[in-house]
Amino acid sequence: QVQLVESGGGSTEAGGSLRLSCVVLGQTSCPFDMYWYRQAPGKEREIVATADTDGHAGYGDFVEGRFTILRAKSENTMTLQMDSLKPDDTATYFCKTQYAPRPGTWVRSCLDDVNRWGQGTQVTVS
């Protein structure tokens, strides 16, 4: 089973930058996609960015080119570079891994091995 360790949250003023990191600890042969989610007080959790098993990136509409997700598969790490931050970006940011099998290769035990949420890291923009 894997565990996720997030780091890099903090506080900054509007227009500033922060960089979040997520490290996947533990060994697995199960393929997985990686995500950043965020949740602000009183709001639902929403997808910020995703990096699939092939490293392809996707972003929520609100990102508008301000964030960059990078995944280093060899190191099992993912970073989220956030620039031009706005007060609306204030939230707890969560790393997530989700089993992503190739067609015809689904393995039940991989759900338990890799489907995980990180503990969250706070980002505050004033």
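Predicted model, so just to flag it, every value in this text is computed and none were measured.
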Is a donor on one side and an acceptor on the other found under 3.5 Å between the side chain of Y35 and the backbone of Q98?
no

I want to check something: taking the side chain as every heavy atom from C-beta on, are L20 and V123 in contact at a cut-off of under 4.5 Å?
yes

CD on E44 to CD on Q39, rounded to 0.5 Å
8.5 Å

Determine, step by step, whether T50 and Y37 satisfy the side chain to side chain contact (heavy atoms under 4.5 Å, CB included) criterion, reporting the C-alpha distance in whole Å, the side-chain angles of both residues, the deciding distance to 0.1 Å, and the verdict.
CA-CA 9 Å; T50 179; Y37 278 75; over 6 Å; no

Taking side chain as C-beta onward, heavy atoms only, is M82 less than 4.5 Å from V48?
no

CA sep, side-chain torsions, deciding dist, call: V107, Y99, side chain to side chain contact (heavy atoms under 4.5 Å, CB included)
CA-CA 9 Å; V107 176; Y99 179 39; 3.8 Å; yes

Might you point out which heavy atoms bring A49 and L80 nearest each other, and give the distance in Å?
CB-CD1, 4.1 Å

Flag yes if V5 and F94 sit in one hydrophobic cluster, no otherwise; membership is Ile, Leu, Val, Met, Phe, Trp, Tyr, and two members link when side-chain heavy atoms are under 4.5 Å apart.
no

For residues 97-126, pull every pair meeting disulfide (SG to SG under 2.5 Å), keeping only residues two or more places apart or in separate chains.
C30-C110

Mind checking side chain to side chain donor-acceptor pair (under 3.5 Å) for T92 and listing every partner two or more places apart, or none if nothing turns up?
Q122

So do the side chains of W117 and C95 get within less than 4.5 Å of each other, counting heavy atoms only?
no

Among residues two or more places apart or on two chains, list those pairs meeting side-chain hydrogen bond (donor to acceptor under 3.5 Å, both in side chains) that have a residue in residues 101-112.
D54-R102

Compare all side-chain heavy atoms of E6 with those of Y93 and state whether any distance is below 4.5 angstrom.
no

Centre of F32's six-membered ring, under 6.0 Å away, within 45 degrees of the axis: is that where NZ or CZ of R116 sits?
no

Do V24 and T77 have side chains that approach each other closer than 4.5 Å (heavy atoms only, starting at C-beta)?
no

Summary of side-chain hydrogen bond (donor to acceptor under 3.5 Å, both in side chains) pairs that have at least one residue in residues 7-29, sequence neighbours excluded:
S17-D83

Report yes if some heavy atom in the side chain of T53 is under 4.5 Å from a heavy atom in the side chain of D33; otherwise report no.
yes

Distance in Å, Q3 CD paired with Q119 CD, rounded so as to fall on 0.5 Å steps:
10.5 Å

For L4 and C22, which heavy atoms make the closest approach, and how far apart are they?
CB-SG, 4.2 Å

dist D88:CG -> F62:CZ (nearest 0.5 Å) comes out at 10.5 Å

Could you list the residues that satisfy side chain to side chain donor-acceptor pair (under 3.5 Å) with N115, not counting sequence neighbours?
none

Has S84 got a side-chain atom pairing as donor or acceptor with R66's backbone, closer than 3.5 angstrom?
no

Residues passing the salt bridge (Lys or Arg N to Asp or Glu O under 4.0 Å) test with E64, sequence neighbours excluded, are K86

Looking only at heavy atoms, the pair that brings P31 and P101 closest together is CG-CA, 4.1 Å

Heavy-atom donor-acceptor pair, E46 side chain to R38 backbone, under 3.5 Å
no

So which heavy atom on A91 is nearest to which on A40, and how close?
CB-N, 3.8 Å

Consider only side-chain heavy atoms of I, L, V, M, F, W and Y, link residues closer than 4.5 Å, and tell whether I47 and I69 are in one cluster.
no

